[in-house]
Amino acid sequence: MGFALKFIRAWGGLILGLASLWVFLFSPEKADLSAYLAAAAFILLVLTFRENYRMVLRMSGKRSARLGINSIVMVVLFFFIVVLLNLIAGRYYFRIDLSANRDFSISPLSAKVLEDVDEGLKLTLFVKGKGAQYRDALSLMDSYRYIEPRLVYHVYDLDEQPAIAASYGVESYGTSVVEFGGRVIVAEGTDEESLTNGIIRASQNEIRTVYFVEGHGERQSGNEGPRGYSRAASSLRARGFLVDSLNLSSVDFIPQEASVVVVAGPKTGYTDEEARKVHDYAQRGRLLFMSDPEGSDMFELLAVFGLKAHNGMVLDKKRHMAGRGESVPVVSSYPDGDLTRDFGLTTVYPTVRAVSGGTSGKVYEYYPFIRTSSNSTIEALSQQEALASDEQRTRTIGILVIDRKSNGRVILVGDSDFASNDNLDISGNGNLFRNMVGYLSGEASFVRIEPRRADYVPLYITENQAKSAIYVFTVGLPLMVSLAGFIAWYRRRGL
Amino acid sequence: MRQFWPIFKRELRAYFTSPIFYIVAAVFLALTGYFYINAIIRYSSMAIEMSGSGKDLSGFNPTSVVMKNIFNTMGTVFILLTPLVTMRLVAEEKRSRTLELLLTAPVPLISVIMAKYLAAVVVYALVVTPTLYMPLVIEYYSSAVWGQMAAGYAGVLLLGMAMLSVGLMCSSFTESQLISAVLTVGVLIIFWFVGGVLGSASEELTRVMRGLSLFEHFNSMTDGLLDLRDILYFIGFACVALFISHRVLDSLRWRG
């Protein structure tokens, strides 16, 4: 082969190999391209290596400084060829998960979701530090990429990349961002369930709209003041919702595309016409009512659902926020239901009224899901109000009602302060608000992925068994080996 | 191939008739045995404490808790023991001037290197084999996850092969066994910990460092994952080190 061709072969292989390495490092989602470049480079460089190696062998009887340099070049070339082989394997490989807890496999549900997603999925995870959480996130991303090689992912230490986190509005560790088809979804959690549900949300064509009703002194989604709901609205937008305001007096009916309608702490009552529009909507939609002790009790809206917002303010003598008094109850445990399953965060309610529903029957089912401690009383806010209750018992401050016929769902909470700009970030307030809206919008239909865990396997060893094991395995076995060595040495000495 | 076997058998005989093999085996078995029994006792105590606590114990099993740590211990211990196995492979021959005989004999250099290397691998496998009592004890008193055990032992074997190739390479650089041992430990420590010094490294650099790290590839195998990329890494690692050894020894021929 002519020198020119050899030159082209060698340099062509090198350039292709470097290109493959570049793609692998900076565009790992283009694993196919990287592998093809690596394969082409591998073939060219193996041929180059083989020919140069024969030349080296032929020259090896001669002393030559050039031979030393050639050997170094051969070593570098060989190393590069091994790297190329690994780059090819980076795309075309198999793996078998033999772990007890199936730590390296994602669920069939997640695999199906990934397979249904076209090219263009990007996941960004924000974790704390570069320790166990970072490694777990990388391992999970590796498992996702095994199913979808075109997946683009980044795992960042939130503290090291604050600018990137801020661009997504991410402020907490353990947050994921899913980008697909122009949509950006921020999911709480970096586990498989959070990511898969985020991908589902991002890939859905249906856009869910949340309307905040205004016109009666409600908290407004555009209000950035302490009392406003702008941050709650932003957090909903980050989860893929469209958020808008709605004045019932200016529309004939609540828009078709409304997934959830939020009535956040009205100060005055609704007219009959407005109440009719809300009730018509309830036949097909979902409602979130929040009523403050000092605001309207929304009787005209709630009565048709069998719901009631009681007068007065709940005082929780046992569980309340330190430094803010009994009028700020704190709730840490919730019943196990679709709305609050695995929700273990504490929520805080700065002044809240008690709520109640009817008895579950043929039409409606009632599920109280936020309840104060058993040391709770009700204090009247004014002398005009109905008698307060000194009886110490659990008070319901959040209730869900489901219409059995239409499957409509309504949530009533006795406080709207908890999700205002001032209080949204207190403990689990924001999470609960988002969960309620998410639940009403149909997120309960998203996948639930149980963490795979092998069964607990006990192992009990008695003291005598432990002692025997120490003597046998820590002392006896090494002694036997040492004895064998001694015998071997003695026999050799005897020779 | 014919020339391979005599050298291979000679190397094996040299190991079995020298105290090094038995000292390495005894120390390794004593250390790992000690850690193993302590881990079993600790697991047993934790099992008793936690079984009445009402906590969720799923995922708590001896294979994931005990053997995973023992595999990591084996890897760490072998960073220090590998040089003892490999330091004499070439350095001793250089010092005693028998290497010239070997290099001038009509024996392909590759056969010499592979014979020495594989003899070291056999010795390593013989040192590790007695530790099979560990999964058997777990199976006897409890229940072992044999798939994860198999993946772990495959990782131990591949890691050993990679480490031994480094030892052979360093032994070929010098005629001093001490320098060979120190070099081996140094190189192994660098490749063992390189993936852990991530700090504020960029994503690309992190990917490179994790890709080069012996520990990262070994760790996923001891967790129960058999991944072709990890297997290829160890084989490639050993091949590069052996090739360097080949080049170094070949250079002795033409340098004189």
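Values in this document were obtained by computation on a predicted structure and should not be read as measured data. Within every chain, numbering begins at 1; the chains are lettered A, B, ... in the order of the sequence lines, protein sequences first and strands thereafter.
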Heavy-atom cut-off 4.5 Å, strictly under: side chain, backbone, both or neither for [X] against chain B?
X: A/Asp97; value: both
X: A/Val155; value: backbone
X: A/Leu21; value: neither
X: A/Val481; value: both

[options]: which one forms the most heavy-atom pairs within less than 4.5 Å of chain B?
options: A/Tyr156, A/Phe78, A/Phe24; answer: A/Phe78
options: A/Pro28, A/Ser482, A/Ser99, A/Gly129; answer: A/Ser99
options: A/Ala466, A/Ala484, A/Gly90; answer: A/Ala484
options: A/Phe486, A/Phe94, A/Tyr146; answer: A/Phe94

Interface moiety of [X] toward chain A, non-hydrogen atoms closer than 4.5 Å:
X: B/Val137; value: side chain
X: B/Thr63; value: neither
X: B/Leu232; value: both
X: B/Phe16; value: backbone

Hey, does [Y] have a side-chain heavy atom less than 4.5 Å from the side chain of [X]?
X: A/Leu138; Y: B/Arg210; result: yes
X: A/Asp103; Y: B/Asp223; result: no
X: A/Pro478; Y: B/Val27; result: no
X: B/Leu225; Y: A/Arg95; result: yes
X: A/Leu98; Y: B/Leu226; result: yes

Handout entry: NZ/NE/NH1/NH2 to OD/OE distance under 4.0 Å, B/Arg229 and A/Asp142
Key =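 A/Asp142 and B/Arg229: salt-bridged.
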
- Query: Is the backbone N or O of A/Leu25 less than 3.5 Å from a side-chain atom of B/Arg207, with the two atoms forming a donor-acceptor pair by type?
  - Reply: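 Checked: pair present.
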
- Task: Say whether, by atom type as modelled, one donor and one acceptor occur between the side chain of B/Glu204 and the main chain of A/Phe26 under 3.5 angstrom.
- Result: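 Here the side-chain-to-backbone pair does not exist.
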
| field | Within 6.0 Å of OH in A/Tyr173, more than 12 heavy atoms from elsewhere | value |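 Atom OH in A/Tyr173 is packed in, count exceeds 12.
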
Please round to the nearest 0.5 Å and tell me the distance separating atom [atom1] of [X] and atom [atom2] of [Y].
X: A/Tyr471; Y: B/Ile37; atom1: OH; atom2: CD1; answer: 12.5 Å
X: A/Ser71; Y: B/Arg247; atom1: OG; atom2: CZ; answer: 4.0 Å
X: B/Asn61; Y: A/Asn101; atom1: CG; atom2: CG; answer: 6.0 Å
X: A/Ile461; Y: B/Tyr141; atom1: CD1; atom2: OH; answer: 5.5 Å
X: B/Ile40; Y: A/Gln465; atom1: CD1; atom2: CD; answer: 11.0 Å
X: B/Tyr233; Y: A/Leu85; atom1: OH; atom2: CG; answer: 14.5 Å

Requested in this report: Specify the closest pair of heavy atoms between A/Leu459 and B/Pro62, including all atoms of both residues, with the distance to one decimal.
Outcome: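 Smallest heavy-atom distance, with atoms named: CD1-CG, 4.0 Å.
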
Report task. List the atom of B/Ser44, the atom of A/Tyr460, and the distance in Å for their closest heavy-atom pair. Result ->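 Shortest heavy-atom separation between B/Ser44 and A/Tyr460 comes out as OG-CA, 3.4 Å.
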
Handout entry: Ring centres under 6.0 angstrom apart (A/Phe473, B/Tyr36)
Key =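 No, ring centres 6.0 Å or more apart.
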
Practice problem: Compute the ring centroids of B/Phe243 and A/Phe49, then answer whether they are less than 6.0 Å apart. | Solution: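 Yes, they do, as the ring centres are separated by less than 6.0 Å.
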
